[in-house]
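In what follows, chains carry the letters A, B, and so on, assigned in the order in which the sequence lines appear, proteins first and then strands, with residues in each chain numbered from 1.
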Amino acid sequence: MFSMDLLLGAVVLGVLLGCFYAAVSVGLSVSFGLLDVPHVAHPAFLVLASYGVYQLNESYDIDPLLAGLAITPLFFVFGLLAYRVYYETFERRGSDAAVRGIAFFFGIAFIIEVLIILQFGVDQRSVSATYIGKSWRFGEFRIPIRQLVAFAVALALTVLLAVYLSKTFMGRAIRAVAQDEEALRLMGANPVRIKQFAFGIATAVLGIAGALLIIVAPVEPTLDRAYIGRTFCVVVMAGLGSISGTLIAAIILGVAESIVLTLFGASWAPAISFAMLLGVLAVRPQGLLGR
Amino acid sequence: MNKRSHSIAFWAAVAVFLVAVLSMTQIVRNEYPFFAGYVILQFIALAVAWSILGGYAGYVNFGTNAFFGVGVYTAVALFKATGAPLVVQIAAAAVVGMTLGFGVGLLTLRMRGIFFSIATIALAIIIETFVMNWRFVGGAAGIQIQRPPVMAPFDSYVKMLFFVQAVLVVIAIAIARYVQNSRIGRGLQALRDDELAAECTGVPTLKLKLIACMISGALISAAGAPAAMYLQYADPSSAFNLSYSVSALAMALIGGTAHWIGPVLGAILLGSTQQLLAVTISSEVNVLVLGIMLVLFVVGAPKGIIGLLRPRYRLRAGGKQ
Amino acid sequence: MNTAAADAPLLQVGTLTRTFGGFTALDNISVDIRKGERFGLIGPNGSGKTTLINCISGALKPQVGSVVFCGEDITQLPPHLRARRGIARSFQIPRPFRSMTVLENLMVGLDFAAAGPAAAEEEIAMSILTRMGLASKAGAASDTLSQVELRKMELARAMAVRPKLLISDEAMAGLSSSEVDEVLDLLISLGEEDITIIMIEHIMQAVMRFSERVMCLDAGKIIALGAPGEVMANKRVQEAYLGT
Amino acid sequence: MALSLAIEALDAGYGAVKALRGVTLHVEAGETVALLGTNGNGKSTLMKCVMGLVRPDRGRLALSIDGVAHDLTKLSPEAIVDLGVALVPEGRRLFPKLTVTENLMLGAFRKMARNAIQQNLALVFDTFPVLKERRSQLAGTMSGGQQQMLAIARALMSSPRLLLIDEPSVGLSPLLVSQTIAKIGELKQRVGLTVLMAEQNFNQAIRIADRGYIIVHGEIAVAAQSVDELKANDIVKRLYLGGVA
Amino acid sequence: QQPPIKIGMSMPQTGGLAGGGKASLLGIEIWRDDVNAKGGLLGRKVELVVYDDKSSASETPAIYAKLVDVDKVDLLFAPYATVPTAPIMPFVKQRGLLLMGNFSFQVNSKVGHDMWFNNAPWGPADSWAASFLDLAQKAGGKNMALLTADQEFAQNLALTARDVAKKRNIPIVFDQVYPPNTVEFSSIIRALKAAKPDIVYVASYPPDSAGILRAVNEIGIGDSVKIFGGGMVGLQFAAVMSNLGSLLNGVVNYNTWLPEKSMYFDGTKEFFDKYTKRAVEAKVDPLGYYLAPFGYAMGQMIEAAVGATKSLDQKGIAKYLRENEHKTIVGSIAFSADGERKETATLQAQFRGVKDKDIEQFRSSGRQVILFPDKLKTGELISPFEAARNLGLVAFPAQGQGGT
Ligand SMILES: Nc1ncnc2c1ncn2[C@@H]1O[C@H](COP(=O)(O)OP(=O)(O)OP(=O)(O)O)[C@@H](O)[C@H]1O
Ligand SMILES: Nc1ncnc2c1ncn2[C@@H]1O[C@H](COP(=O)(O)OP(=O)(O)OP(=O)(O)O)[C@@H](O)[C@H]1O
Ligand SMILES: CC(C)C[C@H](N)C(=O)O
Ligand SMILES: [Mg+2]
Ligand SMILES: [Mg+2]
């Protein structure tokens with residue numbers, strides 16, 4: 001059933017899918033990759049954002065992307081709060097923060113799941129927008145517009161974040177903070193505030209990522225569990241904290257998944273993409289662009 | 001107390017525990033305690049097994065569900081193919097779990113910290129995918145299993161499973177205790193702090209990690225094996241449920257990883273709360289309570305329950321009692 | 001033991017080369033170290049001293065060359081097996097086992113590398129600490145030590161391996177000269193117990209007093225090797241290193 | 001410009017450990033003051049107190065700049081850095097996974113320093129040419145001595161007015177020790193730095209020091225008004241000038 | 001006052017099956033309230049004892065042991081769906097207990113418990129595929145593409161579909177199994193399209209069903225396709241339906257109850273009046289066609305059996321259930337020996353004239369035209385699929401509120 005045409009299509013769709021994966025993972029690349037916070041509740045916040053977008057779309061008919069943008073400030077604040085609690089309870093006491101943090105964030109994730117269920121019920125939800133359900137044609141070939149939207153937004157998001165982190169003082173401080181807090185303090189920066197701010201950004205980004213999530217597919221309250229593996233894999237495969245690596249890793253996964261889905265047995269897709277992750281780690285334990 | 005009298009006390013306690021369990025199966029008629037008790041014992045075994053690698057060596061295994069599922073499906077496959085008895089299923093699961101642990105170790109233990117954790121998540125998904133495509137054990141559709149008749153002195157299969165799981169718990173604890181008190185424990189602790197320095201001080205880090213990984217894997221798979229007979233049904237999404245990973249980790253942390261008793265206490269607390277919530281609150285709110293408990297315990301008891309009980313207990317794997 | 005074996009060098013480093021990316025940190029280094037010798041290793045910062053002992057202790061693998069210890073080629077051995085064969089080192093930037101007390105740090109080496117009865121371990125560890133002047137800190141958590149105390153503990157932990165060859169990487173950095181003297185006395189007394197010692201140090205007086213032979217590296221190459229006086233008088237050493 | 005640091009009756013420590021007891025010392029504008037003392041005597045603790053990283057139990061820490069007094073015990077480390085105080089910490093404390101340049105750029109984090117980046121960069125590259133060569137190497141893979149240079153350079157990037165240096169010569173080759181000490185002396189002239197320097201290498205330290213203190217067991221044992229007075233001191237003789245040194 | 005009659009069950013209230021579970025439970029609760037309003041069973045009030053099984057198989061054994069041994073309930077209902085039900089089948093068989101099944105699929109085929117009765121309309125295992133392929137062949141379909149979720153229920157459907165196709169000599173030109181949590185179906189649909197099938201049989205699970213339909217709409221499926229659908233779980237839920245809106249048009253999919261004229265029996269309308277009111281408050285599926293009336297029917301059957309045997313003797317009740325036909329709000333139900341329906345009553349219906357974003361439209365008849373079974377039929381298949389999709393609202397004006 002192989003044909004050049006199919007392969008090409010699979011690659012194109014895979015790149016688009018990969019960009020979507022990048023968008024939902026890039027916040028984690030900051031919070032986990034750079035700040036060392038074992039944020040297993042990242043996907044829970046992501047799904048929460050999707051529900052926020054759903055609510056705005058449902059009751060005020062706001063475009064999902066705009067809705068995503070509109071809730072970013074709120075998520076920024078969530079991020080500040082979440083980090084504050086994490087800091088006060090773990091980092092400040094300094095004991096085994098990483099491992100205990102995992103349990104902590106699992107707890108947070110469960111709480112978010114239940115709050116969503118209590119508020120929205122367990123049924124799956126989705127949004128409507130003009131670009132959902134339509135596609136662009138190139139002859140026989142068609143590309144779903146919602147995927148193009150996800151692609152463009154994801155690309156913009158990662159590029160912006162990458163530039164911010166490498167070119168600004170704040171960005172550099174964010175990249176330094178987990179390596180040596182006291183040293184950063186000696187540079188005249190307050191590491192706690194920097195981390196908090198960075199965590200805020202990482203969470204704010206989820207507003208937009210959440211919009212993409214619900215644009216691409218419907219959401220349900222426990223969807224976050226399916227994304228824990230995926231997002232962490234992207235971030236780790238990328239090399240911790242590397243934003244451009246995140247994009248690359250996500251695209252590789254997306255393309256691999258898409259090719260397997262199109263040309264081989266779809267049921268093997270997860271095995272293949274996660275085996276790729278293991279392969280990458282076996283060869284480059286620090287990830288693709290890790291330092 | 002010196003080491004020897006400690007040992008005597010420990011084995012005496014074990015004997016008392018097993019005798020109590022056995023007599024309970026003979027005296028108590030109501031089966032529910034055995035159903036619920038089995039689940040709690042299973043979690044104790046998982047948490048103790050997890051902490052051998054996750055607590056002592058600091059390698060946080062997210063793939064408890066992979067080992068658990070492998071245990072379940074080893075039992076299923078063996079039972080379906082040969083009708084092997086329960087003990088053989090468990091032994092086989094332990095061997096397969098150990099082999100898997102060895103493989104995982106070779107493949108991933110050169111990865112540091114969180115890379116290892118992520119690799120274990122990946123592994124769980126890969127193995128689950130394999131099982132889903134393995135028609136002999138039912139694939140994704142799952143498989144129903146007919147239990148063989150129960151053996152004397154038990155009058156019900158679940159009581160027997162309860163006793164068997166209690167034995168597994170004892171084995172897990174005995175091994176964890178041995179590891180903790182032997183030089184393996186100190187070696188694991190050293191490599192947890194600094195692998196290169198440990199190597200240069202003579203600690204065979206890779207070997208110790210492999211050993212820890214194999215022991216932990218074997219115990220988790222063994223604890224999972226009876227689940228096939230307990231449920232009389234197996235399907236990949238239940239057998240490889242992420243909640244096994246979360247629970248094992250959370251229970252060990254809530255109890256404290258500095259001493260083998262920590263995971264035991266954590267599992268008893270969290271496991272029985274879960275059982276209790278399932279039959280009392282019994283709605284989404286039980287997940288909420290679980291979440292809040294997790295948060296409160298890791299926040300309020302940074303050194304785990306053992307840290308609360310013995311305030312001066314140092315947060316330290318393999319620390320002497 | 002025949003005389004040939006007794007005279008054979010304890011450690012033979014042969015044509016060792018190690019590069020990082022395009023950068024050559026060690027360039028074709030060959031040197032023999034005799035049993036019981038006190039060997040000083042000097043050289044400008046970044047000349048490859050630490051890299052060399054990383055290759056000897058097994059923390060790094062060289063691209064080219066071999067390391068032979070007690071007549072056995074150990075180039076491919078992992079560090080812990082080298083430690084068991086009797087090679088111990090301290091780290092230039094201390095790497096304590098942070099969750100352990102000072103005493104427990106030493107116990108690791110005694111447990112895993114040193115041969116001997118397990119029962120006496122604690123006494124041995126205490127005696128090493130006493131010699132290092134760290135006895136009062138035996139029960140202290142290692143992450144409360146000051147930099148210098150950490151350096152001392154590095155050395156003590158290496159001694160706990162009960163090595164044939166002890167490599168000290170700038171263990172005296174930051175010590176006052178009277179403290180340098182103390183540590184030096186200690187190292188020299190170890191030498192008298194037939195332990196071979198390689199010492200990396202930038203404190204010239206210490207190097208002079210300690211070493212029977214000195215080797216100076218520059219940019220990954222040996223620029224001088226010989227008696228301390230000779231090496232110090234070497235023009236290239238003076239230009240590249242001493243600045244006199 | 002006038003700047004001075006005055007420390008009075010300072011007590012500080014870590015829980016039960018009392019690292020400093022009743023320490024009184026002062027540093028005037030343009031001076032280079034050496035802080036001597038064997039290990040564990042509290043030199044680093046003193047510097048951390050000045051930076052606000054360790055809070056003193058009691059005593060006074062006052063920095064006066066152009067006649068305005070600042071109570072350092074009340075200020076956060078960030079605020080103290082903003083006043084123009086920089087510390088080269090012991091153990092270097094670089095950001096190991098950032099490149100040399102990125103480490104230097106972080107040195108210029110404080111607002112005041114951002115305008116002077118090019119100028120400061122030129123200065124440190126001129127002072128430590130090897131840093132220019134290794135601009136894009138990760139700091140963590142540099143040799144011990146190279147890291148020490150980077151640590152000093154990074155502190156200079158913040159255009160400090162008061163520079164605290166904790167044992168700058170540790171791990172440097174003899175050539176570099178004298179070069180580094182000379183550079184510090186030179187920088188002091190060039191940018192009008194005031195320097196408080198903890199240093200074990202007595203002979204090098206006194207090349208640039210104007211005067212010095214000796215701390216013993218957390219207390220100021222000697223406050224010498226000049227280098228000669230230091231040299232003549234008994235403790236100094238015993239600790240630094242006797243034996244091999 | 002006599003003690004109440006306790007009916008025990010677990011129900012998925014969290015996890016993947018919670019959506020269905022909660023609707024089903026509401027149906028059962030409405031029955032409880034109705035029967036209690038009438039004075040209860042045997043003059044005793046009916047009380048439900050319900051625990052959450054988290055949609056997981058591993059929770060149910062302990063729960064049912066508690067229900068039986070501690071709570072000492074008088075009767076057992078099964079949880080919604082196959083996975084949580086499977087582990088309790090051997091238990092009830094061993095204890096000789098009656099179990100009223102709730103929409104599980106073929107859980108009794110291996111266990112062979114003679115006191116098991118499933119409320120679902122599935123009937124014989126292969127009828128599902130058979131009815132869909134009947135329609136397909138009538139429309140001229142000659143070959144088939146099969147797209148199934150790698151999940152317990154969908155795989156069971158696929159198994160029978162392959163069997164039936166083989167018997168009828170329908171070649172399978174595309175047979176793919178996609179993994180759970182697949183995000184994007186564009187790639188799969190492109191591959192499917194490339195195989196140029198006439199019949200597309202999809203056995204998908206709720207989150208994916210929407211993704212598949214979207215991808216079909218965006219990528220296109222080709223003019224060759226005569227009929228599309230069959231076993232898509234999820235298209236029965238109000239939230240999914242209202243979101244997909246016009247994308248549903250043309251799809252032929254299985255269902256259990258629909259607001260078509262032929263589907264109203266004694267009490268059906270009254271039931272939905274109550275359900276509609278209570279669903280809002282309970283935050284469950286506002287339509288509730290799929291599961292809720294069958295939960296109610298399960299109660300009705302128990303009510304009839306207990307009433308007829310005048311006892312709670314489980315053997316007697318089972319005997320009565322097996323030997324009689326039962327009038328319920330979902331029609332009359334008769335069981336075969338394995339406890340499944342004698343005849344399938346699983347509907348195959350085609351979506352037509354569906355607009356976007358409107359839940360209410362589904363309350364009127366004509367939105368889902370029943371094509372099978374014959375005695376409930378309310379229209380004919382429109383084929384090919386592309387043609388059916390493109391027929392707009394004009395051709396099929398809503399036919400007003402249905403109901404008898
Ligand atoms: N992992 C690495 N990647 C890149 N370069 C490295 C790495 N490790 C060491 N180097 C380089 O190799 C050279 C030698 O380093 P080494 O640590 O051996 O120096 P050294 O002689 O010990 O210096 P010092 O006296 O300053 O400690 C240095 O230029 C250093 O930057
Ligand atoms: N974080 C800490 N917790 C507990 N005690 C500490 C801590 N840091 C330092 N100390 C103790 O405080 C005392 C003074 O330490 P400090 O580092 O100030 O000495 P120093 O004069 O700088 O010595 P060195 O020459 O070793 O750098 C030492 O006894 C040390 O053990
Ligand atoms: C609604 C049903 C199709 C669900 C299916 N019977 C299951 O057990 O999972
Ligand atoms: Mg070095
Ligand atoms: Mg100091």
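Between the CE atom of C:Met100 and the CZ atom of B:Arg192 there is a distance of 8.5 Å, given to the nearest 0.5 Å. Between the CZ atom in C:Phe112 and the CG atom in B:Leu208 there is a gap of 5.0 Å [rounded to 0.5 Å]. In this structure, SG in B:Cys200 is found 9.0 Å from CD1 in C:Ile167, a value given to the nearest 0.5 Å. Note that CZ of B:Arg183 is 11.5 Å distant from CG of C:Leu110, once rounded to the nearest 0.5 Å.
Open room surrounds OH on B:Tyr178; 12 or fewer heavy atoms of other groups in view lie less than 6.0 Å from it. Within a 6.0 Å sphere centred on CD of C:Glu123, heavy atoms belonging to other residues, nucleotides or ligands number 12 at most.
By number of non-hydrogen pairs under 4.5 angstrom with chain B, the leading residue of C:Ala59, C:Gly58, C:Pro79 is C:Pro79. Of the listed residues (C:Arg157, C:Arg89, C:Glu154, C:Arg82), the greatest number of heavy-atom pairs within a distance under 4.5 Å of chain B belongs to C:Arg157.
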Legend entry - Verdict with reasoning, B:Arg186 to C:Val108, per side-chain contact (heavy atoms from CB on, under 4.5 Å): CA-CA 7 Å; B:Arg186 198 193 301 282; C:Val108 173; 3.7 Å; yes
Inset, instruction - For B:Gln189 and C:Phe97, run side-chain contact (heavy atoms from CB on, under 4.5 Å): C-alpha distance rounded to whole Å, both residues' side-chain angles, the deciding distance at 0.1 Å, then the answer. - result: CA-CA 8 Å; B:Gln189 189 186 348; C:Phe97 301 130; over 6 Å; no
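Counting only residues at least two apart or on different chains, the side chain to side chain donor-acceptor pair (under 3.5 Å) pairs with a member in residues 61-72 of chain C are C:Thr19-C:Gln63, C:Glu72-C:Arg85.
A distance-only check finds a donor-acceptor pair linking the side chain of B:Asp193 to the backbone of C:Ser99 [under 3.5 Å].
Residues C:Arg84 and B:Pro204 are in side-chain contact: their nearest non-hydrogen atoms beyond the backbone lie under 4.5 Å apart.
For C:Pro96, the part lying near chain B is the backbone, with the side chain staying farther off; criterion is any non-hydrogen pair under 4.5 Å.
Between C:Arg95 and B:Asp194 there is a salt bridge, since a side-chain N of the basic residue sits under 4.0 Å from a carboxylate O of the acidic one.
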